[in-house]
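Residue numbers count from 1 along this sequence.
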Amino acid sequence: GSEAASEQGQEEEVEDRLKEHMDTLLDKSAKARQVALQSLRLVLSSKTLSEFLLERRLTLTDSLEKCLKKGKGEEKALAGTVLTLLCLQMGSGPEGEEVFRSLKPLLVSVLTDSTANPSARQSCATALGMCCYIAAADFE
């Protein structure tokens, strides 16, 4: 019983930190957004949180879109990585497809922008490929 309660408490703590990081993605400070993206990357790559993310996918997708549109090189690269992890967490269902469909044009835009930071372009290429493989319903 106490082990399950402890596990529940840890899960709530992780979710609270995730909510904070997601809020920080809207911060005016580029450095704060980068730190939040790095933290999200670490959490999403180490824990399965599909239920939690399912409820917040639109908020997170909107925040990642802003980071990809307005951010500079490192921020765009991190946003692409977090997007890849989000697609992995959402899976091949309609939610994953929705995330991919909404951000695909932006990923293509960063990828084809010859003036964009190379690491941002590489991250967006990886995100585009992985999300397409996982979540694209259209085989083309």
Side-chain angles (χ1 to χ4, degrees):
S2 66
E3 214 173 278
S6 171
E7 202 170 291
Q8 177 78 21
Q10 286 177 338
E11 193 169 308
E12 287 174 6
E13 185 180 317
V14 167
E15 289 177 0
D16 288 343
R17 279 188 288 151
L18 269 175
K19 288 176 192 171
E20 287 175 30
H21 298 318
M22 289 169 64
D23 289 342
T24 305
L25 289 180
L26 301 174
D27 202 283
K28 289 186 181 199
S29 163
K31 188 66 180 161
R33 289 191 308 269
Q34 283 182 359
V35 169
L37 286 165
Q38 289 168 337
S39 299
L40 284 168
R41 182 187 65 197
L42 287 172
V43 173
L44 294 179
S45 62
S46 62
K47 279 187 109 23
T48 302
L49 300 158
S50 22
E51 288 297 318
F52 173 82
L53 292 170
L54 198 58
E55 299 168 9
R56 292 162 185 82
R57 73 184 179 284
L58 297 177
T59 304
L60 186 52
T61 303
D62 288 346
S63 298
L64 291 173
E65 182 178 347
K66 287 179 178 120
C67 291
L68 286 168
K69 279 183 180 175
K70 298 180 179 167
K72 300 291 181 227
E74 179 68 16
E75 185 177 348
K76 285 183 179 185
L78 286 165
T81 302
V82 171
L83 174 60
T84 302
L85 293 168
L86 178 61
C87 269
L88 282 168
Q89 295 264 351
M90 291 291 96
S92 62
E95 295 85 5
E97 183 184 345
E98 178 185 2
V99 168
F100 172 62
R101 200 173 346 108
S102 67
L103 289 177
K104 179 184 172 190
L106 192 53
L107 290 172
V108 171
S109 171
V110 173
L111 178 60
T112 57
D113 178 2
S114 61
T115 63
N117 179 297
S119 66
R121 292 177 73 191
Q122 182 270 328
S123 180
C124 287
T126 301
L128 187 63
M130 286 297 292
C131 293
C132 184
Y133 180 73
I134 294 165
D138 182 9
F139 291 113
E140 293 294 319

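Both Val14 and Leu54 sit in one connected hydrophobic cluster of ILVMFWY residues. Membership requires side-chain heavy atoms under 4.5 Å apart, directly or through other members. Side-chain heavy atoms closer than 4.5 Å link hydrophobic residues (I, L, V, M, F, W, Y) into clusters, and following such links, even through other members, never connects Leu58 to Leu107.
Looking at Leu53 and Met90, their side chains come closer than 4.5 Å, going by heavy atoms from C-beta outward. Residues Val35 and Thr24 are not in side-chain contact: their nearest non-hydrogen atoms beyond the backbone lie 4.5 Å or more apart. When side chains are defined from C-beta on, Leu26 counts as touching Lys66, because their heavy atoms get closer than 4.5 Å. Here the side chains of Asp23 and Glu20 are not in contact, with every heavy-atom distance at 4.5 Å or above.
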Exercise for the section: Tell me, with the steps shown, if Asn117 and Lys76 meet side chain to side chain contact (heavy atoms under 4.5 Å, CB included). Expected result: CA-CA 9 Å; Asn117 179 297; Lys76 285 183 179 185; over 6 Å; no
Practice task
Just do the side chain to side chain contact (heavy atoms under 4.5 Å, CB included) check on Leu60 and Val99 with the steps written out, would you?
Solution key: CA-CA 9 Å; Leu60 186 52; Val99 168; over 6 Å; no
Practice task
Starting from the C-alpha separation in whole Å, work towards a yes-or-no answer on side chain to side chain contact (heavy atoms under 4.5 Å, CB included) for Lys19 and Phe52.
Solution key: CA-CA 10 Å; Lys19 288 176 192 171; Phe52 173 82; 3.8 Å; yes
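Of the inter-residue distances, the one linking Glu95 atom CD with Gln89 atom CD reads 13.0 Å to the nearest 0.5 angstrom. Separation of atoms SG (Cys131) and CG (Leu83) is listed at 4.5 Å; rounding is to 0.5 Å. For the atom pair Leu128 CG and Ser123 OG, the distance stands at 11.0 Å (nearest 0.5 Å). Separating the CG atom in Leu111 from the CG atom in Leu106 is a distance of 11.0 Å, to the nearest 0.5 Å. For the atom pair CZ (Arg101) and SG (Cys132), the distance works out to 13.0 Å, reported to the nearest 0.5 Å.
The two atoms that bring Ala135 and Phe100 nearest to each other are CB-CB, 4.1 Å, heavy atoms only. Summarising the geometry of Gly73 relative to Ser119, their closest heavy-atom pair is O-OG, 4.4 Å, with the distance given to 0.1 Å. Across Gly80 and Ala127, no two heavy atoms sit closer than the pair O-CB, 3.4 Å. Taking each heavy atom of Met22 and Leu40 in turn, the nearest pair found is CG-CD2, 4.2 Å. Nearest heavy atoms, Arg33 versus Asp27: NH1-O, 2.8 Å. In this structure, Leu37 and Cys67 approach most closely via the heavy-atom pair CD1-SG, 4.1 Å.
Under the rule for a side-chain contact (heavy atoms from CB on, under 4.5 Å), the partners of Gln34 that lie at least two apart in sequence or sit in another chain are Lys31, Glu74, Glu75, Leu78.
Just one of Leu49, Leu64, Leu103 meets the side chain to side chain contact (heavy atoms under 4.5 Å, CB included) condition when paired with Leu86; it is Leu64.
Here salt bridge (charged side-chain N to carboxylate O under 4.0 Å, His left out) pairs that include residues 53-65, with residues two or more places apart or in two chains, are Arg57-Glu98, Glu65-Lys69.
Looking only at distances, no side-chain donor or acceptor of Ser109 sits under 3.5 Å from a matching main-chain atom of Pro105.
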